[in-house]
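Report on the following structure.
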Number of protein chains: 2
Amino acid sequence: MRYPPDYKANARARLLETASALAKEKGFGTTGVDALMAAAGMTSGAFYSHFKSKPELLKAIIEHELAHTTALFTGKDTAALRKAFRSYLSEQHVAHPESGCPLPALTPEVARADAATREVFEQQLVQAKDQLQAQLSDDGHAWAVIAQVVGAVMLARAMASPEARKALLQDVRQSVDALLVTQE
Amino acid sequence: MRYPPDYKANARARLLETASALAKEKGFGTTGVDALMAAAGMTSGAFYSHFKSKPELLKAIIEHELAHTTALFTGKDTAALRKAFRSYLSEQHVAHPESGCPLPALTPEVARADAATREVFEQQLVQAKDQLQAQLSDDGHAWAVIAQVVGAVMLARAMASPEARKALLQDVRQSVDALLVTQE
DNA sequence: GTCTATAGGTAGATAGAC
DNA sequence: GTCTATCTACCTATAGAC
């Protein structure tokens with residue numbers, strides 16, 4: 001055998017990483033298999049050794065990327081949570097979708113995807129929400145906080161001017177800070 | 001002349017309406033000019049009599065559709081606003097993107113679009129925010145409310161189960177109600 | 001203004017060499 | 001497992017008849 005036994009798993013992991021970054025930056029549906037593979041230093045023919053179709057890749061991207069997001073809310077006290085949200089609502093995050101959360105970049109494409117992909121999405125997102133809810137009081141509205149920060153990053157990215165982006169982010173940062181403070 | 005003088009404007013308006021609905025439902029980038037025109041009962045050749053390119057159509061869709069959204073927040077007292085947000089956060093709205101707000105459906109595509117499109121987007125969205133801010137106190141966080149409801153509808157649409165969708169919407173409805181109440 | 005026809009390019013996916 | 005080559009389908013956009 002010309003390839004070591006763990007070669008395929010490693011190659012798939014690298015492929016998933018570069019494909020996720022490109023999909024978050026340019027969009028999943030509008031980016032061809034050719035471009036997704038080129039980003040990993042391969043050609044399109046090799047794609048189907050790792051995924052049976054392009055929709056299958058979207059499911060894998062969501063599974064892989066949302067695990068990172070869930071980790072953001074895991075095992076953190078209120079102070080650490082506030083810091084995590086500051087980072088989420090930063091201009092850095094808005095400026096770099098390729099290395100950021102998949103939710104502001106890919107959610108509408110997930111909404112139009114097959115049931116299997118949406119189930120993976122839901123499972124991971126509910127888990128993140130439960131992790132956050134555990135740190136809030138009963139009327140803490142964890143879903144509202146999540147919707148707020150995801151919506152904010154997405155809307156900020158579509159703005160034309162840095163000033164408008166800053167104003168939006170600043171307002172939502174204050175809102176989230178207040179929500180985290182009053183729960184103690 | 002075989003067509004009356006106002007024919008072109010009317011045809012363009014009808015085209016914009018059906019193309020907007022289809023783009024919100026299926027995505028703009030992934031829907032071909034052929035399909036967009038067929039929805040209006042025409043063929044693709046006629047498209048370029050109304051728009052000089054496909055990106056130009058996205059700009060027109062955003063301009064046209066966001067005007068509706070801005071109108072939602074115009075000249076309303078707190079009670080009317082609360083009613084408008086209830087409707088925005090309804091399962092009906094989540095289930096029918098084609099007749100709903102363009103923000104939860106098309107914003108990531110706007111983020112990847114040209115500067116002219118993003119400028120139209122920003123202008124309209126800031127106007128909507130100003131209308132809402134006028135009804136809130138100084139610490140009302142109009143951007144936070146908008147980000148919250150847009151994010152909620154988008155995330156709800158990507159969920160697999162009706163139960164998860166309902167839980168998310170319910171939580172955000174309560175959050176928004178509280179924000180509108182405490183501002184008086 | 002809308003149609004059909006078509007150009008030229010790229011999409012997702014498969015086949016066979018190595 | 002990855003490559004090149006290829007198939008078929010679709011894409012955006014244009015040309016010319018009506």
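Below, chains carry the letters A, B, ... as their sequence lines are ordered, and counting in each starts from 1. Just so it is clear, the values below take in all heavy atoms, side chains as well, and ignore hydrogens, waters and symmetry mates.
- Look at CE on A:M37: it is 14 Å from P on C:dA11, rounded to the nearest Å.
- A:Y7 comes within 4.0 angstrom of sugar-phosphate atoms only, judged by non-hydrogen atoms across all strands, and of no base.
- Among the nucleotides C:dC3, D:dG1, D:dC3, the one closest to the side chain of A:H50 is D:dG1.
- Among the heavy atoms of the strands, none lies under 4.0 Å from B:G29.
- Whole-Å rounding puts the A:K54 NZ to C:dA11 P distance at 9 Å.
- In the set D:dG1, D:dT2, C:dG12, D:dG1 carries the atom at the smallest distance from any side-chain atom of A:K8.
- Checking C:dT2, C:dT4, D:dT2 against every side-chain atom of B:A46, the shortest atom distance belongs to C:dT2.
- Set against C:dT2, D:dG1, D:dA13, the side chain of B:Y3 has C:dT2 as its closest nucleotide.
- If you measure from atom CG of A:L36 to atom P of C:dA13, you get 12 Å, rounded to the nearest angstrom.
- Nearest nucleotide to the A:D34 side chain, out of C:dA13, C:dA11, C:dT2: C:dA11.
- Using a distance-only test at 3.5 Å, with no hydrogens or angles considered, a donor-acceptor pair links the side chain of B:K54 to the main chain of B:F28.
- Summarising the geometry, the separation between CZ on B:F47 and C1' on D:dA13 is reported as 10 Å, rounded to the nearest angstrom.
- Checking the phosphate oxygens (OP1, OP2) of C:dA15, no side-chain nitrogen or oxygen of A:Y48 falls inside 4.0 Å.
- Neither OP1 nor OP2 of C:dT2 sits under 4.0 Å from any side-chain N or O of B:S49.
- Residues B:E56 and B:K59 are paired through a salt bridge, judged by an N-O separation under 4.0 Å between the basic side chain and the carboxylate.
- For A:S53, the listed nucleotide lying nearest its side chain is C:dA13; candidates were C:dA13, D:dC3, D:dG1.
- The distance from atom CG of A:L57 to atom C1' of C:dA13 is 14 Å, rounded to the nearest whole Å.
- No donor-acceptor pair closer than 3.5 Å links the side chain of B:K76 to the backbone N or O of B:R82.
- As judged by a 4.0 angstrom heavy-atom cut-off over every strand, A:G32 is placed among residues touching the sugar-phosphate backbone only.
- Counting non-hydrogen atoms under 4.0 angstrom, A:T30 reaches nothing in the nucleic acid.
- In this structure, the side chain of B:E109 engages the main chain of B:G29 through a donor-acceptor pair within 3.5 Å.
- Rounded to an integer number of Å, the gap from A:D6 CG to D:dG1 P is 12 Å.
- Between the side chain of B:S87 and the backbone N or O of B:K83 there is no donor-acceptor pair closer than 3.5 Å.
- What separates CE of A:M42 from P of D:dT4 is a distance of 13 Å, to the nearest Å.
- What separates CD of A:E56 from C1' of C:dG12 is a distance of 15 Å, to the nearest Å.
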